[in-house]
There are 2 protein chains.
Amino acid sequence: MTRQPPAPEPLEARLVQAEALCARRGARLTKLRRDVLGLILASPEPVGAYALLDRMREQGASLQPPTVYRALDFLMAQGLVHRLERLNAFVGCHDDAPHDHAAQFFLCTACGKAEEVDDPAIAEAVAATAARRGFAPLRATVEVEGLCAGCALSGSDRGGSSTSPDGPGPHRPHSH
Amino acid sequence: MTRQPPAPEPLEARLVQAEALCARRGARLTKLRRDVLGLILASPEPVGAYALLDRMREQGASLQPPTVYRALDFLMAQGLVHRLERLNAFVGCHDDAPHDHAAQFFLCTACGKAEEVDDPAIAEAVAATAARRGFAPLRATVEVEGLCAGCALSGSDRGGSSTSPDGPGPHRPHSH
DNA sequence: GTCATGCCGCTACGTTATAACATGGCCCAA
DNA sequence: TTGGGCCATGTTATAACGTAGCGGCATGAC
């Protein structure tokens with residue numbers, strides 16, 4: 001029990017769910033697209049397009065960048081994955097009935113994880129400001145960088161933490 | 001009076017202001033950095049790094065990408081410019097005393113303009129959600145794509161508009 | 001059957017960003 | 001006045017991210 005892969009079981013369930021969703025919409029979740037979605041869902045962190053490409057190739061596929069991007073476009077159109085602009089990377093959508101829904105992301109610079117949140121208060125605040133300006137919003141990107149609860153604790157809690165000896169080492173420096 | 005350049009006068013004033021600000025902080029707004037800032041402020045729309053590079057070269061400078069990126073890094077560190085993640089482009093900061101201040105951006109897909117807003121309600125909504133999750137935010141990216149007031153009017157107002165005959169032509173398609 | 005459509009393979013290229021190393025100026029102290 | 005530290009910039013090369021466009025092949029409609 002040195003480390004338990006964080007719930008390997010739901011993966012297949014989520015794929016099945018995605019299949020059903022696409023079927024209901026008349027969209028075709030092909031093997032390729034399903035594989036890409038699987039890799040994204042299996043990743044504990046956001047994945048870049050080229051990382052996906054590499055992983056697909058490791059699994060024996062022989063693809064070029066456009067193929068992966070097309071699959072990603074499809075998955076985003078179905079609301080099954082989100083793109084994180086700050087990271088140029090992709091995450092699975094956490095929503096059960098995904099489509100347009102507005103989402104916000106909290107990106108931990110220490111552990112690299114991205115938490116999706118669907119907070120109406122934020123969406124409403126944005127919508128209200130837009131309305132006040134006569135702006136007709138189509139999509140909102142909300143991405144907050146910082147330290148997640150776990151990393152904030154182990155980082156500031158010097159003198160009692162059992163986890164990391166000197167706080168969260170930056171995940172990918174990612175200067176930007 | 002066929003077209004009036006939108007306020008050419010404040011440009012120099014803003015540069016002087018930026019200079020003063022940097023001086024106060026002990027930061028050096030060199031000629032290069034000042035030139036880059038000038039180009040960004042002079043642009044009615046967000047500018048990409050390579051567009052800046054081209055314009056600098058047109059003005060006789062001979063630079064490479066890293067030089068521009070370093071200048072941009074400096075200007076961002078001083079809060080004088082912001083980066084728009086959706087566009088991979090940069091805009092001048094509208095704040096008078098710029099630093100960390102949280103900002104939100106409304107990006108018009110029709111005319112390409114970016115409006116900076118500094119709405120405490122949005123910032124607070126984000127902060128509240130973060131706090132609820134134990135997340136320690138460092139920076140928030142809020143970028144809303146849609147139609148600005150002007151373009152929304154001329155686009156939907158078919159039958160009476162005097163401006164554009166068939167609505168706002170998309171600025172840069174920018175698939176993403 | 002054959003036709004349209006949608007998906008995918010592939011080549012090639014465009015765009016955005018950074019690593020790594022070299023140079024040059026400025027200030028200060030020895 | 002020389003040498004060293006520091007910062008900004010120059011230079012080369014390459015990494016990382018993304019797309020245009022064409023052709024072939026399967027599937028389902030008629």
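Every value quoted in this text rests on a predicted model; they were computed, and no experiment measured them. All chains are named by letter (A, B, ...) in the order of the sequence lines, taking the proteins before the strands, and each is independently numbered beginning at 1.
- Here A:Leu39 contributes atom CG and A:Asp54 contributes atom CG; the two are 11.0 Å apart, rounded to the nearest 0.5 Å.
- Of the possible donor and acceptor atoms, none in the side chain of A:Glu143 sits under 3.5 Å from a partner among the backbone N and O of B:Val142.
- Distance A:Leu53 CG to C:dC10 C1': 13 Å, rounded to the nearest Å.
- Salt bridge annotation for A:Arg14-A:Glu12: absent, with no cationic side-chain nitrogen under 4.0 angstrom from a carboxylate oxygen.
- One finds no salt bridge joining B:Lys113 and B:Glu45 here, because no Lys/Arg side-chain nitrogen approaches an Asp/Glu carboxylate oxygen to under 4.0 Å.
- For C:dA17, the base has a donor-acceptor partner in the side chain of B:Tyr50 [N/O atoms by modelled type, under 3.5 angstrom].
- Taking 4.0 angstrom as the limit, A:Asn88 places none of its side-chain polar atoms (N or O) nearer than this to OP1 or OP2 of D:dA16.
- The distance from atom CG of A:Leu75 to atom P of C:dC8 is 10 Å, rounded to the nearest whole Å.
- One can place CG of A:Leu72 at 9 Å from P of D:dG18, the figure rounded to the nearest angstrom.
- Contacts of B:Glu19 classified as salt bridge (Lys or Arg N to Asp or Glu O under 4.0 Å), with partners at least two apart in sequence or in another chain: B:Arg34.
- At a non-hydrogen distance threshold of 4.0 Å, A:Pro65, A:Pro66, A:Tyr69, A:Arg70 from residues 62-70 of chain A come into contact with DNA chain D.
- Remark: C1' of D:dA16 and CG of A:Leu87 are 14 Å apart, rounded to the nearest angstrom.
- Distance, A:Leu29 CG to C:dC7 P: 11 Å, rounded to whole Å.
- Distance, B:Gln78 CD to D:dA8 C1': 14 Å, rounded to whole Å.
- Put simply, the side chain of A:Gln104 gets close to the backbone of A:Asp119: a donor and an acceptor are under 3.5 Å apart.
- Side chain of A:Arg83 to backbone of A:Asn88: no donor-acceptor contact under 3.5 angstrom is found.
- Distance, B:Glu85 CD to D:dA16 P: 18 Å, rounded to whole Å.
- To the nearest angstrom, P of D:dA8 lies 17 Å from CZ of B:Arg34.
- Listed nucleotides D:dC7, C:dG9, D:dG18 differ in distance to B:Arg28; the shortest reach to its side chain belongs to D:dC7.
- Between A:Glu145 and B:Arg139, at least one side-chain nitrogen of the basic residue sits less than 4.0 Å from a carboxylate oxygen of the acidic one, meeting the salt-bridge criterion.
- Residues from residues 54-61 of chain A with heavy atoms under 4.0 angstrom of DNA chain C: there are none.
- Here the side chain of A:Arg57 pairs a donor or acceptor atom with the backbone of A:Leu63 at under 3.5 angstrom.
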